[in-house]
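Have a look at the structure below, then the notes.
Heavy-atom basis, side chains included; hydrogens, waters and symmetry copies ignored. Every chain is numbered from 1 and lettered A, B, ... according to where its sequence line falls, protein lines coming before strand lines.
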Protein chains: 2
Amino acid sequence: MKSAIPKVTVQRLPVYLRCLESLPSGQRRVSSDDLATLAGVNAAKVRKDLSHLGSYGVRGVGYDVDKLKLQIGLELGLEQDWAVVIVGIGNLGRALANYAGFEERSFRIVGLFDADDQKVGQSLDGLTIEPMSRLPEVVAEQGARIGIVTTPAHAAQQVADLLADAGIRSILNFAPTVIKAPKGVDVRRVDLSTELQVLSFYLHRKG
Amino acid sequence: MKSAIPKVTVQRLPVYLRCLESLPSGQRRVSSDDLATLAGVNAAKVRKDLSHLGSYGVRGVGYDVDKLKLQIGLELGLEQDWAVVIVGIGNLGRALANYAGFEERSFRIVGLFDADDQKVGQSLDGLTIEPMSRLPEVVAEQGARIGIVTTPAHAAQQVADLLADAGIRSILNFAPTVIKAPKGVDVRRVDLSTELQVLSFYLHRKG
DNA sequence: ACATGTGAAGCGCTTCACAGCG
DNA sequence: CGCTGTGAAGCGCTTCACATGT
């Protein structure tokens, strides 16, 4: 019940958190069975996952909704604000600047960057698009730790290197390519084409 | 070396394919080691993954790049065109309509839908945004099998149900909620907040 | 009585290490 | 010799089943 939380559990905690937030505000308790149904997983998995956070359930009763929300938030580090920069302000970058900005309290977008001089200076979501040369300065000033890459594939690796050099510790890569980052910099990839191709595989197979 | 390809392998095949496509056009062969480096995985994994497609490598030499691209494409069902509809034309829906449209040959966007009457009739990426009532008709006419959900969370389940009823067999869900679909309908979730929260967890932990 | 927490078994993926083959 | 293909071992996650606690 201590330190090492399995990776797969970490990936499910945000889902549980969202399910808890979707409960009617009057509901004080929730069982592993109910939460499992909401999250689309099996109840034993919910209990095992939550047991990694410590024992916050009551046998014979269930989990206290508010305590559990708080505990998951703490575990995920959501009590603090994370400053985020976005590099590559095309269609997707624009969408994320708006989307991510209001959706999540813990993530604050503090900088938008693009290599295209025509875009620099434009305003978006209350921020001005800045040139790549300003990246190190803004990251340092704002204490940004997270960078979102929404550039074309051919630029992504270079941008990732610049982000790492500037002090970014985690990268969310939407560019359709694999990027390498130095040790200590975490990269997660979100790839539309990959997802479509996986769907294609199963469609192709099953009918 | 036959039928059952592990899920994890299916998810990596698109990555291998992209790595192969990024090779200089003169390069005819590639080793599992090289491909592994490009894809950011271990060479044994590449060989095991590719062995599920059959034996397309030559011992002592490597894999024929063109043959391998063809074979992966066939396995993923990319030789055929998949008709795709997008429901929910907000910022993200708009971005995907443009992005996905030109990026992938195998996926053709054939319909854009939104519940907002103000958006209906607008033009985007050569298509006109249509009302939800037209969904069944368009899906049937165009033979669409894949649906992309980019609605707000509260509308996603209802939209998924409508898609399933209309004959959609695979759903890519960008809405920040878990959706349930009937048997035979495959759902994949892409969730920005989840990804950010996972990054937050590791940042929080490691420093 | 009832739902959690958890050993233990089961399962699938990863990795190793080397046989097999050009 | 070099690199693939693969049995086998290793590892981590899932699921079961029930002891535990209220």
Under the rule of Watson-Crick or G-U wobble with both distances under 3.5 Å, where | means paired to another strand and [ ] a crossing pair, DNA chain C maps to ||||||||||||||||||||||
Under-4.0 Å side-chain N/O to phosphate OP1/OP2 contact, [X] with [N]:
{"X": "B:R29", "N": "D:dT4", "answer": "no"}
{"X": "A:S32", "N": "C:dT4", "answer": "yes"}
{"X": "B:Y63", "N": "D:dG5", "answer": "yes"}

Separation of atom [atom1] in [X] from atom [atom2] in [N], rounded to whole Å:
{"X": "B:D34", "N": "D:dG2", "atom1": "CG", "atom2": "C1'", "result": "13 Å"}
{"X": "A:L53", "N": "C:dT4", "atom1": "CG", "atom2": "P", "result": "14 Å"}
{"X": "A:Q71", "N": "C:dT4", "atom1": "CD", "atom2": "C1'", "result": "16 Å"}
{"X": "A:L50", "N": "D:dC13", "atom1": "CG", "atom2": "P", "result": "16 Å"}
{"X": "A:K67", "N": "C:dT4", "atom1": "NZ", "atom2": "C1'", "result": "14 Å"}
{"X": "B:I5", "N": "C:dG12", "atom1": "CD1", "atom2": "P", "result": "16 Å"}
{"X": "A:D49", "N": "D:dC13", "atom1": "CG", "atom2": "P", "result": "10 Å"}
{"X": "A:D33", "N": "C:dG5", "atom1": "CG", "atom2": "P", "result": "13 Å"}

Might you point out which heavy atoms bring B:I5 and A:R205 nearest each other, and give the distance in Å?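 Smallest interatomic distance, heavy atoms only, reads CD1-NH2, 4.0 Å.
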May I ask you to check whether over 12 heavy atoms, not counting those of B:R28, lie within 6.0 Å of atom CZ?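 No, not enclosed.
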Heavy-atom neighbours of A:E141 CD exceed 12 at 6.0 Å: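 Yes, CD of A:E141 has more than 12 neighbouring heavy atoms, counting only those of other groups under 6.0 Å.
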Are the charged groups of A:D186 and B:K206 less than 4.0 angstrom apart, N to O?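 A salt bridge is absent here (no side-chain N lies under 4.0 Å from a carboxylate O).
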Pair B:E79 + B:R105, salt bridge at N-O below 4.0 Å: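 Between B:R105 and B:E79 there is no salt bridge, as every charged N stays at least 4.0 Å from the carboxylate O atoms.
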As an exercise, state the distance from CG of A:L162 to CD1 of A:I168, rounded to the nearest 0.5 Å.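 A:L162 atom CG to A:I168 atom CD1 measures 11.5 Å (nearest 0.5 Å).
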Once you round to the nearest 0.5 Å, how far does CG of B:L199 lie from CZ of A:F107?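 The distance works out to 7.5 Å.
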Protein-proximity profile, nucleotides 15-22 of chain D, B/S/- by nucleotide at the 4.0 Å heavy-atom cutoff, equals BBB-BBB-
Using a 3.5 Å distance criterion without hydrogens, assess whether the side chain of B:K48 forms a donor-acceptor pair with backbone atoms of B:T9.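 No; judged by distance alone, with no hydrogens or angles, the pair does not exist.
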Using residues 81-92 of chain A as the side-chain source, report each donor-acceptor pair under 3.5 Å to any protein atom, sequence neighbours left out, with the distance given to one decimal.
from	atom 1	to	atom 2	distance (Å)
A:D81	OD2	A:R108	NE	3.3
A:W82	NE1	A:G77	O	3.0
A:W82	NE1	B:S200	OG	2.8

